[in-house]
Amino acid sequence: MKTIGVLGGMSWESSLDWYRMANEQVRDRLGGFHSAPILLDSLDFAEIEALQAAGDWGAAGRVLADHARGLERAGAGLVVLCTNTMHLVADQITDAITIPFIHIGDTTAEAITAAGLSKVALLGTAFTMEKPFYRDRLAAHGIIASIPDDEDRATVHRIIYDELVQGIIDEDSRQAYREVIGRLVEEGAEGIILGCTEIELLVSRADSPVPVFPTTALHVAAALAAADE
């Protein structure tokens with residue numbers, strides 16, 4: 001397998017799950033003492049979050065591009081970014097490296113298409129839901145993604161930043177997500193994208209009346225497949 005270069009720490013809670021899933025899948029497939037060959041660069045999320053809040057995406061992109069170059073220099077054969085939101089600067093990362101970059105939006109779109117769906121709803125940070133970068137990526141695959149209304153978007157975003165990135169799992173928040181999902185399904189969503197890696201810490205298939213697409217798990221599987229090529 002190629003060594004997977006992982007840009008993580010945004011937040012480390014979800015990056016931990018990414019790392020765990022990758023190693024579990026390799027162990028299950030190969031058996032014995034096998035684990036995934038990974039170079040993990042875990043950034044200080046406080047620095048990235050400050051740039052997000054300031055709207056300085058160019059600076060954030062330069063930071064991530066520099067770290068991606070570092071992973072390539074260290075021997076990574078491909079790079080993944082363990083956060084949906086920061087795929088907003090994916091082009092800066094891909095322009096900075098000569099090895100493949102596995103885009104989480106593409107892996108999610110492929111799973112939605114494989115399920116025979118084309119109309120889904122997107123949950124994530126306010127940046128992911130409101131800025132066009134993620135929905136445009138899905139649209140390139142023929143997928144229409146709706147988003148919650150203003151109040152529900154605020155609820156989804158608040159729970160991510162005030163609770164999930166801090167490792168707080170609250171049953172009231174799980175119920176709040178279920179209610180948001182229910183309203184999206186009533187509006188015609190055929191599936192729900194868990195478009196923030198932290199959401200998978202709170203929401204599972206059991207919380208939705210329609211299929212959910214866990215972006216972390218899908219991303220891990222795609223990265224391991226690419227590493228095997």
Side-chain angles (χ1 to χ4, degrees), residues 4-16 18-19 38-109 122-141 143 145-148 150 153-154 156-162 164-166 193-199 215-216 218-220 222-223 226:
I4 303 171
V6 175
L7 290 169
M10 299 166 279
S11 68
W12 69 262
E13 293 281 350
S14 58
S15 298
L16 180 64
W18 203 106
Y19 181 80
I38 288 173
L39 286 170
L40 172 60
D41 187 349
S42 187
L43 283 74
D44 181 357
F45 187 40
E47 297 176 7
I48 300 300
E49 191 278 333
L51 293 173
Q52 291 177 342
D56 197 346
W57 299 99
R62 289 190 292 274
V63 170
L64 293 183
D66 184 58
H67 282 263
R69 282 190 292 265
L71 288 169
E72 182 174 10
R73 288 194 299 268
L78 58 104
V79 169
V80 298
L81 175 59
C82 294
T83 159
N84 283 272
T85 295
M86 294 313 298
H87 275 72
L88 192 153
V89 300
D91 288 346
Q92 287 177 262
I93 296 172
T94 56
D95 288 347
I97 57 179
T98 62
I99 55 178
F101 176 77
I102 310 303
H103 197 294
I104 201 167
D106 291 337
T107 64
T108 301
L122 173 63
L123 299 181
T125 66
F127 310 115
T128 299
M129 292 185 288
E130 295 171 4
K131 293 183 180 296
F133 73 100
Y134 208 99
R135 284 175 287 146
D136 285 352
R137 193 85 182 194
L138 296 171
H141 292 266
I143 296 166
S146 62
I147 58 175
D150 291 354
R153 289 200 306 274
V156 170
H157 181 87
R158 177 189 59 76
I159 290 170
I160 292 169
Y161 277 87
D162 291 355
L164 299 179
V165 300
Q166 307 291 339
I193 298 173
L194 307 183
C196 174
T197 49
E198 285 83 10
I199 292 177
T215 54
T216 303
L218 295 170
H219 200 209
V220 167

Which atom names give the shortest non-hydrogen contact between [X] and [Y], and what distance separates them?
| X | Y | result |
| --- | --- | --- |
| Gly5 | Leu71 | C-CD1, 3.7 Å |
| Ile99 | Ala76 | CD1-O, 3.3 Å |
| Gly195 | Leu122 | CA-CD1, 4.0 Å |
| Arg135 | Met129 | NH2-O, 3.1 Å |
| Ile102 | Ala226 | CD1-CB, 3.7 Å |
| Cys196 | Gly124 | CB-CA, 3.8 Å |

Working for side chain to side chain contact (heavy atoms under 4.5 Å, CB included), residues Glu72 and Val79 = CA-CA 8 Å; Glu72 182 174 10; Val79 169; 5.6 Å; no

To the closest 0.5 Å, what do you measure between [atom1] ([X]) and [atom2] ([Y])?
| X | Y | atom1 | atom2 | answer |
| --- | --- | --- | --- | --- |
| Thr94 | Leu81 | OG1 | CG | 11.0 Å |
| Asp95 | Arg69 | CG | CZ | 10.0 Å |
| Ser15 | Asp41 | OG | CG | 10.5 Å |
| Leu164 | Glu13 | CG | CD | 9.0 Å |
| Ile48 | Leu7 | CD1 | CG | 9.5 Å |
| His157 | Thr85 | NE2 | OG1 | 8.5 Å |

Tell me, do [X] and [Y] make a side-chain contact under 4.5 Å, heavy atoms counted?
| X | Y | value |
| --- | --- | --- |
| Gln166 | Tyr161 | no |
| Tyr19 | Val6 | no |
| Thr197 | His219 | no |
| Thr216 | Cys82 | no |

task = Please answer whether the main-chain N or O of Gly8 pairs with a side-chain N or O of His67 as donor and acceptor at a distance below 3.5 Å.
result = no

ask   = Can any side-chain N or O of His103 pair as donor or acceptor with the backbone N or O of Gly105 at less than 3.5 Å?
value =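 Present.
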
request  = Could you check Trp57, Tyr134, Phe133 and say which one makes a ring-ring contact (aromatic ring centres under 6.0 Å, His included) with Phe127?
outcome  =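 Result for ring-ring contact (aromatic ring centres under 6.0 Å, His included) with Phe127: Trp57.
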
Crowding at CZ, Phe101 (>12 non-hydrogen neighbours, <6.0 Å) = yes

task = Could you check Met10 against Leu64 for side chain to side chain contact (heavy atoms under 4.5 Å, CB included), going step by step and ending with a plain yes or no?
result = CA-CA 11 Å; Met10 299 166 279; Leu64 293 183; 3.9 Å; yes

Under 3.5 Å donor-acceptor pairs involving side-chain atoms of residues 86-93, not counting sequence neighbours:
| unit_1 | atom_1 | unit_2 | atom_2 | d |
| --- | --- | --- | --- | --- |
| His87 | ND1 | Thr83 | O | 2.7 |
| His87 | NE2 | Ile104 | N | 3.2 |
| Gln92 | NE2 | Gly58 | O | 3.3 |

message = Under a 3.5 Å threshold, yes or no: a donor from one side chain and an acceptor from the other, between Thr215 and Asn84?
response =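 Per modelled atom types, Thr215 and Asn84 side chains form a pair under 3.5 Å.
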
